[in-house]
Every structure is written in structure tokens, then in C-alpha cells.
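Notes for the one structure printed next.
Just so it is clear: chains get the letters A, B, ... in the order the sequence lines come, proteins before strands, and each one is counted from 1. Predicted model only: the values in this text are computed from it and were never measured. Just so it is clear, the values below take in all heavy atoms, side chains as well, and ignore hydrogens, waters and symmetry mates.
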Number of protein chains: 2
Amino acid sequence: MRLPTLTQLRHLVILAETHHFGRAAEAAFVTQSTMSASIKELELTLGQTLIERTKRQVQITPLGAEVVARAKDILNETEDLVALVSAAQGVLTGTLRLGIIPTIGPFLLPRIWPTLHRDYPGLKLELQEDKTARLLVDLSEGKLDAALIAFPYEVDLFKQLVFADDPFLVVLPKKHPLCEKERLTARDLKKENLLFLDHGNCLRDHILSASGFHEGSLSQTMKATSLLTLVQMVDAGFGLTLLPKMAVDAGLLRGTGLQVRPLEAAKSSRRIGLVFRRTNPRTEDFGALAELLRDELGTPLPPSRKSEKS
Amino acid sequence: MRLPTLTQLRHLVILAETHHFGRAAEAAFVTQSTMSASIKELELTLGQTLIERTKRQVQITPLGAEVVARAKDILNETEDLVALVSAAQGVLTGTLRLGIIPTIGPFLLPRIWPTLHRDYPGLKLELQEDKTARLLVDLSEGKLDAALIAFPYEVDLFKQLVFADDPFLVVLPKKHPLCEKERLTARDLKKENLLFLDHGNCLRDHILSASGFHEGSLSQTMKATSLLTLVQMVDAGFGLTLLPKMAVDAGLLRGTGLQVRPLEAAKSSRRIGLVFRRTNPRTEDFGALAELLRDELGTPLPPSRKSEKS
DNA sequence: TACACTAATCGATATTTTCGATTAATGAGT
DNA sequence: ACTCATTAATCGAAAATATCGATTAGTGTA
């Protein structure tokens, strides 16, 4: 099916308004001959006469009037489309499909939400919470635009903007002997029963690394699937754990009698960053988002390392 | 505001379906370079990137997806427009704005309606009932496509298709002396009190002419504005009148005690015809309509006179 | 009859679209 | 590390299309 041109439709609409080829041409910023040819071509493609040409005046046939009405709709919709895209010109406007891992999402998002909403009211976030591995797959498949994940992690396929450092804190019951000390080391934890998240969660690996434990040395009995569960277990006296400061700041320990102590170790923190495909045209957006996150978290960016591996 | 091309939008939609420039090009029956250029041009006019080009695969940005959705709508509407016009291809389809005079309308339309509906289900009549003069003005101004009027009438501006002859019948009370005669002449009516429609109605002029009366010779006291009123007045004994056979056939005298007699006179009938602008492209439609009317009325067309004047 | 007005038409030009061929970038297989 | 295959972008040429200015033909008016 051969379609008419938007230009032809526009010409028809103008002609229907002016009822005069000459003035219609003027209004459309073309010559009368162009207007004439345009209408003629339109009638040819449609196979029907839309305009009744009296020498003195131009009459629209009933069919022509129907076509004019529809043409107006089509033109309006097209203009709306252009307007929509134009409105999405600024940084961080439109839809952004953002992945986020569960050990960051609940603690980071509520913190930045108000600012994000205030500074970029045109932004619509579509959030997806999942493990890092799954997020990166979706990212590479184009189902996500960006993801907020924790480093170190192997992400050479993607660009990354690391914007925060998130130290680990040792969580222990109030009466625990280690509460006496202001600062704890990996050595202090050696003989404790440490509780970890389940396999496949990046935080588990990070904390294992921070605390100097190894897979083999764990008592396999206790594995939680969420930080909240973990906290409940520690509160119930099953052992100790480590939590990212971000989670503690967000009030994860509220209502419990648990204490926290900083950990002195080689890798006593995770880094938080934004990853996205190198080919994604919205780098400016991601820069702005990372900037906002950095400001909001108030933590200075640690000495930059271009690629961190776990 | 510069608008994108429908071709570009179509290419975008296809590309969004295939996620592959080469296959999209194939599906759009163009080369890959054309597809590439088309999308690029579209992005240029919109001022935003809609497609994220990975070397291995093509990703649609969220904004692009929105544009694709709207583009689909626009394309569908345009195709609907074409379909609409195509559907209006046959004779007597679509809207026809038809004027009709009050002394024809109520008697002719109910008669042809079923056939018209059966033979041309795609036809939508927009009827306007008015005096001949008014109809012709609207016709020349393009507010009507055609009009059904009675001849003789001066209509040289328009094309005309006369399709029926409608004789006048003398209407008189059952006990009237003239009922004795099988056929009446103008001479018989000379001394009778004839009742006519009001000024400005073409039937008045036609009947005046048929009955041999002149404006000056009338008793000005009785003037009706509709045929129904006229009949009521005759039934009440105020005098005689003449009615077109068409009206009598349609049952205008039903429920009255009135008789009819044929009139023998030079101009003892009016002719019924269709008029329309010479420039109107739907001559075929009008021919078909006149044909249908002629068949339906069962009256052979009188010897053709190209232009009848009153 | 001459004149003004209007839409169609025509030939020339300008612009746009499309194509085929080539290039550059990337990933896969050896 | 080195092809090879795949894919989108690019480029110049050719084709198609749109536009223009000038002219023509048809109508109504003075």
C-alpha cells in the first residue's frame, strides 16, 4: 500500500482551510504550482478526487473533508512525537531503566530519591533489583540502561563510574566481649562465628575478603538471603556479621540491641558505582547521576582505579 | 518544526522489530545503506539518538521505544486513511449531501430508501429539505453535492438528470359536481376556488401554470405552507386543489373522503430531476442515483429536453 | 470585448532518496 | 595472535522527487 506524504497531507489541510490554491501555497511557503502538484499527487496515490476545482473557488468533497480530518490527526500526532523527543532533550529526562543490587537499593534509593526528584523532575526511573551477575546480563542485552553495583567486580565490558566508598562494620551483640575494643581487626574475628549471606551475592564475597575468611573455613549451617535476616540472626545470638555502613546508616539495626565497630583491614570497604554499556549514548546522563549520588552520599571518591577486579 | 518522514518512521518501526539493519533493510525493500541513512536522518531531525548501535546488535533506547510506539500509531492511522479512501472507491459510497424539496422528499424518499440501502449499503445520505432556490444556492456554494428538484426550473448553471414525470391530479370532495367527469381540463377549473401553496414554492408555480390560472386571478385568502395543510383545507370544503400524483400515491389523501381526477392540459405535469455542479467529480454516482430513481418510480423518461425553463 | 483571476501545465533546476561498493569496527574461530 | 565473518557507517553516483518560474486555459467581471 502506497502511503501519502506528510507534506501532501499538510498541503491538503492548508488548502482545506484557505479554499484557494494560491493562498494555501503562500501559507505553506511554496509556489502555487507546487501546491497544485502536491494535491494532484495525493489524489493520485489515494485514487480519489478530494478537491472539486471550480474555476472561482475550491470545494472539498465530503470524502476530502474526512481525509482532511484524519490528516489533521496524523499531523498533530507527528508533531507530538517531535515535541516528546524535544522535551527529552535535557540531561536525565525521560525513562531510565536502572538495575540495582539488593544490598544497595533499599539503603541508597530512599536517600537520593528527594534530590533526584527535585533536580530532575523529568526523569522516570524503572528499577530492577537483582544480583550483580543478572543485572550485567540484562545490561548487555539492552534490557537495562545502567546498574548500580558494588566493586570490586569484573566489568571490563562496561564503562563504570565509581562514586562512593562503603566501609564494612562489624555487628555484634551488646554484651559481646569484643565490644570492649574501639576498633576490630580481621584477627579479632578469627575465632568468632561469622554469619554471611547466601552464595551468589556479591556482598558475601566482599565481606569474606574483608574479614579474611575463606569458603572452606566457614560453618555452613547459617546462611541468610537478606541483610534483614542476617541482622535478626545476630540479634538472636547466633554469631557476628559484617554490614556495609550504608545499611547501618539507613537504620537496619534500629530496634535491635546490636553494636557496631569499625573494621581495620586491607579491604575493609566496598565501592559503589554505576555501570553502563560503552555504546550507550546517554553518558552525559550517567555522569550527572553519578555526580548526584556522590554529592548526596557525602563520601569523597577514593583514589580512582580504572578497573577493579574481584 | 521540521517533521520526520513517514518512510523514516516506517524504517524505524521495522528496525525496532528486527533489531538488525540488514534484515530491516530487507524487510523494507531497501538496501542496508538506505536503512542506515534513513535512521540517521530521523535521529537528526528529532535531535536525539533513538538507536544504540552495538556492533553485534541493535538496541532501542527507551526514548526510541516511545517513538516507535507513536510511529506505529501514526503509520496505522495513515494506512487507515488510505483504506478509507479505497473503500469509497465504488459508485455511491461514502457521504452524499443531497438537497430535496418538501413536495418531493416525503413521497419519493420512503419509496426508494429500501432499494438504495440494499444496492448501495456504503452510501450515507445527508439530507437537507428546502425550497428549490435555497437548495441551488447551497449547491453552488458547495454545501450540497446534489439536489432533487422539480422542473421546469432555470438551472443552466448546473448539470441535470431528469428521471421522472409527475402528473398533477385535481383533488376534490366526493360530492363535488366535477366528480361526474372522468377527466378534467383547465376550463373546468376556471370557476372553481383553487387553493395553492404559499409563494416561493415551486409547486405553486407549476400548478398555476398547469391550471391556467395567473397570480392576479387568485383569491388571496387561502394559502397553505404544506401539502398536508392543503389537503385538510380541501377536505374541509374550502375549495379544490391540484396535487402531484407522487404525493397521492404516497397516501396523502388517506383518511379523507377526497377524489382525484386526471388533468388534461398543456403542462399537466412536473418533471423530477437531479441537479449538481458541472465540476463535481461524482458524475458516475449521480448517474447511478438517477438510474435507480427512474427504475424505482417506474415512469419512463419523457422525451429528453436538455434545458427546461420555467 | 478586454481584463482580472485562478488552477493546471510544462520545462528546468534543486533537493532528496536510493543504491552499490567500500570501510571500519567487532566478535568468533583457529 | 591471526584470520574470517558479520555488521553498521560512509561515500560517490545515479535515480527519483520536489520545487520553481513562466505560461496556458478556463471563468467570471467590467
For this session: Taking all heavy atoms of A:Pro62 and all of B:Asp145, pick out the closest pair and write down the distance.
Result: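 Residues A:Pro62 and B:Asp145, closest heavy atoms: CG-OD2, 3.3 Å.
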Interatomic distance where [atom1] belongs to [X] and [atom2] belongs to [N] [whole Å]:
{"X": "A:Ile39", "N": "C:dA8", "atom1": "CD1", "atom2": "P", "value": "9 Å"}
{"X": "B:Arg23", "N": "D:dT6", "atom1": "CZ", "atom2": "P", "value": "11 Å"}
{"X": "A:Arg278", "N": "C:dG27", "atom1": "CZ", "atom2": "P", "value": "10 Å"}
{"X": "B:Glu26", "N": "D:dT7", "atom1": "CD", "atom2": "P", "value": "11 Å"}
{"X": "A:Met35", "N": "C:dT6", "atom1": "CE", "atom2": "P", "value": "15 Å"}
{"X": "A:Glu52", "N": "C:dA8", "atom1": "CD", "atom2": "P", "value": "12 Å"}
{"X": "A:His19", "N": "C:dT6", "atom1": "NE2", "atom2": "P", "value": "15 Å"}
{"X": "A:Phe29", "N": "C:dA14", "atom1": "CZ", "atom2": "P", "value": "22 Å"}

The side chain of [X] lies closest to which of these nucleotides: [options]?
{"X": "B:Thr34", "options": "D:dT7, C:dC19, C:dT17", "answer": "C:dC19"}
{"X": "B:Thr5", "options": "C:dA8, C:dT17, D:dA8", "answer": "C:dT17"}
{"X": "A:Phe21", "options": "D:dA8, C:dA8, C:dT18", "answer": "C:dA8"}
{"X": "A:His11", "options": "D:dA8, C:dT18, D:dT19", "answer": "D:dT19"}
{"X": "B:Ser33", "options": "D:dC20, D:dC11, C:dA7", "answer": "D:dC11"}
{"X": "B:Gln8", "options": "C:dT9, C:dT17, C:dC19", "answer": "C:dT17"}
{"X": "B:Gln32", "options": "D:dA9, C:dA8, C:dG20", "answer": "D:dA9"}

For this session: With the side chain counted from C-beta on, respond yes when A:Thr45 and A:Leu3 share a heavy-atom pair under 4.5 Å apart, and no when they do not.
Result: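 No - every pair of side-chain heavy atoms lies 4.5 Å or more apart.
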Should [X] be listed as having a side-chain N or O under 4.0 Å from OP1 or OP2 of [N]?
{"X": "A:Arg53", "N": "C:dT6", "result": "no"}
{"X": "B:Lys40", "N": "D:dT10", "result": "yes"}
{"X": "B:Ser36", "N": "D:dA9", "result": "yes"}
{"X": "B:His20", "N": "D:dT6", "result": "no"}

Problem set entry | Under-4.0 Å salt bridge between B:Arg53 and B:Glu43 |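 Looking at B:Arg53 and B:Glu43, the cut-off is met.
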For this session: For B:Arg270 and B:Thr103, test the side chains for any donor-to-acceptor distance below 3.5 angstrom and give the result as yes or no.
Result: yes
Exercise. Can a donor-acceptor pair be found between the side chains of A:Ser33 and A:Thr31 at a distance below 3.5 Å?
Worked result: yes
